[in-house]
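Following: one structure in C-alpha cells, then a few remarks.
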Amino acid sequence: MRKLAVAAALHLALAIGAVATLLPFAWMLSASLMQAGEASKWPPRFLPSQATLANYRALFERLDLGRCFLNSAFVAIVSTAGALFVVSLAGYAFAKLRFPGRSKVYRVLLTAMVIPAQVAMLPMFLLLRTLGLVNTYWGVIIPALAPVFGIFMVRQYALSLPDELIDAARVDGAGEFRIFRTLVFPLLRPILVTFGVFSFIGAWNDFMWPLIVLSDERRYTLPVALANLIGEHAEDIELMMAGSVLTVLPVLLLFLVLQRTYVEGITMGGVKE
Amino acid sequence: MSARADRVPGRARREGRAGLAFVAPALGLIVVFFVLPVVAGFLLASTDFDIYAIRDLATARFIGLANFAALLHDPVFWKALGNTFYFVLVGGPLSVAVSLGVAMILNARLVRFKGLFRTVYFAPVVTTMVAVATVWRFLYHPRFGVLNQLLGVVGIAPVNWLGDPHWAMPAIILMSVWKNFGYNMIIFVAGLQSIPGTLYEAARVDGAGPMQQLRHITLPSLRPMLVFVSIITMIGYFQLFTEPYVLTGGTGGPLNATLSLVMYMYKQGFRWWNIGFGATVALVLFLIILAGTLLQLRFQRERE
C-alpha cells in the first residue's frame, strides 16, 4: 500500500514537471494560431477562438522569413558537412595514427576548451573583416568548422576500432587516405551521425556570432531575424509566436527523430570523465 | 602492441606523415580562427583600438593596463560583474539541483514511462534560445502573461517580471533552469544507473533510510560526475548573453539589472566599437572562468 502511494506521488511530481515543461510550447503554438490582438485581450484566453494561419502567411509574405529559414538551413547544413569531414579525419588520426607530438597537441586542445569563445570574438571579427568575410555566410560557417568537442567525440569512438583491421589493409598496400575513406569512415558512421545532429542543432540555434557577423537583413539566420523582429513587433504577440514556432520546429523534429543518438552523445562526455 | 612495434620503419614514417596530414585541416582552422584571435585578444586589451583604428590601424596605441584601470573605475562593469555572478552562483547550483532531483525520480524503480518523461524534459534543451526567450517574454508579460495568471489563481499579486530590477534576474534564472535542466539530467541518469544496486540493498539491510542512502551512497558515487557537471554548467552560465538580450530587447535593463559581462563586451566592442575596452572585458571573463575551474578541480582533489 505504501509502495503504491510512493509510486503515485512520484508520477504526480513527474506529470506536473512535464506540464510545466510543455506549457511554454503549448502557449507558443496556440498563440501563433490566434487572430491579431487576441493574445492580449482581457480576460486572457489560452486557446484561439478560431484558429488561423494568417500569422504564418504574414511571416512568409510580409516579413520574408522564408528567406531567413533558407539562410539558417544553408549555414547549418554546410557547417555540419564541413565539420564532419574535418573532425572525422582529426579524430581518427588522434586515436589511431602515430605522429610526433600527438598526445601533447591533443591535451592542449582539450585544455583550451576552458577558454570562452567570446575572448576570440573581437579579434576574429577584425580578422574576418580583413578577409572580406564580414556579412557573408562564410563568416559564420568557417570559424565553426573544427569544433574540439567533435574531435573528442570521434577520437573516443575511433579508439575502439580494431588495429588489426587497419594493419591488414596496410599489408594489402592500401594508402592511408584510402584506408580512411573506404574502411574507417564507414565504421565511424554511428558517431558521425551523433556529432552531425549535435552540430546541426548547435549551428541552427546559434545566435551571438551570426548576430555579430551578419549585418544585412537578407542574410540573417532565423534567430537573428527573430530577435530583430521583436524590436519592431513587440506588440504583435501572435506573429512573434508564429516566428518562434518556425524557428523551433526543425530542430525539435530532428531531435524527436534522432533522440537516441543525441542522448548517447551527451552521456559520452559526462560518464567517461 | 608488439605486432605494431616491429613494423618496417618506412611504414611508420608514412603513418606519421598521414597523421599530420589528417589533423592539419583541424589544427589549421583552430590556429587561425581560435588561437590567433585569443592571442590577439590579449594584445587588443592593451590598446585603445576603436572605430578609427578599424579604418587606420596606425591610430591604435599601446596603453598597457590602462583599460584594466578604467574597468575598475567603471560602475557599469561592476554592475555587469555582479549580475553575472548572481546568475552563476544562484542559477548554476539551482539548475544542477533540479537536474539531480529529477534524475533521481526518473531513476526510481517504481516509475513507468521513463522514456516519455525523459523526452519531454529534454525538449527545451534542443530548442532555439532566441525563440524560447521570445515566448517567455510574453509569458512574463505583467498583464497578459500566463505566469501572472497562474499566480493570480493562487492569490498572488501580479509581478512585473522584466520591468522590476529586483525580479528581472530571477526571471532569467527561472527561464534558464527550465531550458537547461534536461541536459544535466541525462548525464545524472546515466550516472545513477551505473551505481550497483547491491550497494543500496546492503544499506537497507543495515537499516539506512532514503536520506542516509542519498548521503552515503548516491552522492559519493556521483561525485566525479557532479564536479564535471558543475564545471560545465559554470562555464556555460558565465557566458550569459542570449537570454537577457532577447528578454530585454538588447538593453540589459531594467537599470542594467540583467546586463551580463558578455553583453557588456558586446555593447562596448560591437555597438560602440571600443574594441580594446571590449577585449579587456572578455579577458576578465576568461580569467574568472579559469579561476573558477581551477577552484572546483582543487576542491574535488582535496575531498578525495
Side-chain angles (χ1 to χ4, degrees), chain A residues 6-7 10 13-14 17-18 21-22 24 27-28 39-40 44 86-87 89-90 92-94 97-100 102 114-116 118-120 122-124 127 142-143 145-146 151 163 170 176 201 205 207-208 212 223 226-227 230-231 237 240 244 247-248 251-252 255 259 263 266-267 270-271 273, chain B residues 4 11 15-16 18-20 22-23 25-26 29-30 33-34 37-38 40-41 44 102 105 108 110-111 117 119-121 124 126-131 134-136 138-139 144 146 149 183 186-187 190 224-225 228 239 241-242 246 249 262 265 269-270 275 278-279 282-283 285-286 289-290 293:
Chain A
V6 172
L10 291 179
L14 286 174
T21 307
L22 292 179
W27 189 77
M28 167 180 75
S40 44
V86 172
V87 151
L89 274 173
Y92 163 65
F94 277 121
L97 298 177
R98 277 183 282 180
F99 56 89
R102 180 177 79 167
V114 253
I115 304 177
Q118 288 85 355
V119 177
L122 282 161
M124 190 137 79
L127 174 70
I142 295 174
L145 286 181
I151 298 175
D163 285 326
R170 286 196 185 113
E176 293 292 339
I201 292 179
N205 290 343
F207 175 60
M208 191 174 176
I212 290 168
L226 196 63
I230 206 173
I237 301 181
M240 292 309 302
S244 301
T247 309
V248 158
V251 276
L252 215 50
F255 164 67
Q259 60 164 313
V263 165
I266 294 174
T267 46
V271 181
E273 195 63 19
Chain B
R4 303 202 90 203
R11 197 181 286 164
E15 182 183 328
L20 286 172
F22 282 16
V23 295
L29 283 162
I30 290 170
F33 293 102
F34 192 68
V38 167
L44 269 181
V102 177
I105 297 180
L110 297 168
V111 167
F117 282 120
T119 305
V120 169
Y121 291 153
V126 295
T127 50
T128 318
M129 189 44 142
V130 173
T134 305
V135 174
W136 278 76
F138 294 116
L139 295 182
F144 311 111
V146 174
Q149 288 171 42
Y183 189 89
I186 295 285
I187 297 180
M225 191 171 271
F228 172 78
Q239 301 177 24
F241 175 76
T242 306
V246 179
V262 174
M265 179 211 87
F270 292 109
I275 292 177
L283 197 57
L285 176 76
F286 166 51
I289 289 179
L290 188 66
T293 307

Next on the checklist: Looking only at heavy atoms and a cut-off of under 4.5 Å, which of B/V38, B/V126, B/V246 has the most pairs with chain A?
Outcome noted: B/V126
Checklist entry - Contact part of B/V120 toward chain A, heavy-atom cut-off under 4.5 Å: side chain, backbone, both or neither? => result both
Checklist outcome for this item: Cut-off 4.5 Å, heavy atoms of chain A, and the answer for B/Q149 is side chain
Checklist entry - Going through the distances and angles, do B/M265 and B/L285 end up as a side-chain contact (heavy atoms from CB on, under 4.5 Å)? => result CA-CA 10 Å; B/M265 179 211 87; B/L285 176 76; over 6 Å; no
Next on the checklist: Could you check whether any side-chain heavy atom of A/Q118 comes within less than 4.5 Å of a side-chain heavy atom of A/M208, counting everything from C-beta outward?
Outcome noted: yes
Checklist entry - So B/V130 and A/T247, side-chain contact (heavy atoms from CB on, under 4.5 Å) or not? Walk me through it. => result CA-CA 9 Å; B/V130 173; A/T247 309; 6.0 Å; no
Checklist entry - Which bit of A/I237 comes within less than 4.5 Å of chain B, counting heavy atoms only: side chain, backbone, both or neither? => result both
Item to check | Residue A/I142 versus chain B: region with a heavy atom under 4.5 Å | outcome: both
Next on the checklist: In the structure I gave you, are the side-chain heavy atoms of B/T134 and A/M28 within less than 4.5 Å of one another anywhere?
Outcome noted: no
Item to check | Heavy-atom side-chain proximity of A/P223 to A/N205 below 4.5 angstrom | outcome: no
Item to check | Heavy-atom contact with chain B under 4.5 Å, split by part of A/L127 | outcome: side chain
Checklist entry - Any side-chain heavy atom of A/L252 within less than 4.5 Å of one from B/T127? => result yes
Item to check | chain A interface, residue from B/P124, B/G269, B/G249 that has the most non-hydrogen pairs under 4.5 Å | outcome: B/P124
Checklist outcome for this item: In terms of heavy-atom pairs under 4.5 Å with chain B, the winner among A/A7, A/P24, A/G17 is A/P24
Item to check | Side chain / backbone / both / neither for B/F241 at chain A, heavy atoms under 4.5 Å | outcome: side chain
Checklist entry - Heavy atoms, side chains only, cut-off 4.5 Å: are B/V23 and A/F99 in contact? => result yes
Checklist entry - Most heavy-atom pairs under 4.5 angstrom with chain A, which of B/Y183, B/F33, B/F270? => result B/F270
Checklist outcome for this item: If you tally heavy-atom pairs under 4.5 Å between each of B/I30, B/V135, B/L29 and chain A, the highest tally belongs to B/V135
Item to check | A/M240 and B/F138: CA distance, side-chain angles, deciding distance, side-chain contact (heavy atoms from CB on, under 4.5 Å) verdict | outcome: CA-CA 10 Å; A/M240 292 309 302; B/F138 294 116; 3.9 Å; yes
Checklist outcome for this item: In terms of heavy-atom pairs under 4.5 Å with chain B, the winner among A/G231, A/A13, A/P116, A/P143 is A/P116
Next on the checklist: Quick check for you: among A/A39, A/A120, A/P100, which has the greatest number of heavy-atom pairs under 4.5 Å with chain B?
Outcome noted: A/A120
Item to check | Worked check of side-chain contact (heavy atoms from CB on, under 4.5 Å) between A/L14 and B/Y121 | outcome: CA-CA 10 Å; A/L14 286 174; B/Y121 291 153; 3.5 Å; yes
Next on the checklist: If you count heavy-atom pairs within less than 4.5 Å of chain A, which of B/I289, B/V111, B/T293, B/L290 leads?
Outcome noted: B/V111
Item to check | Region of B/A26 that comes under 4.5 Å of a non-hydrogen atom in chain A | outcome: both
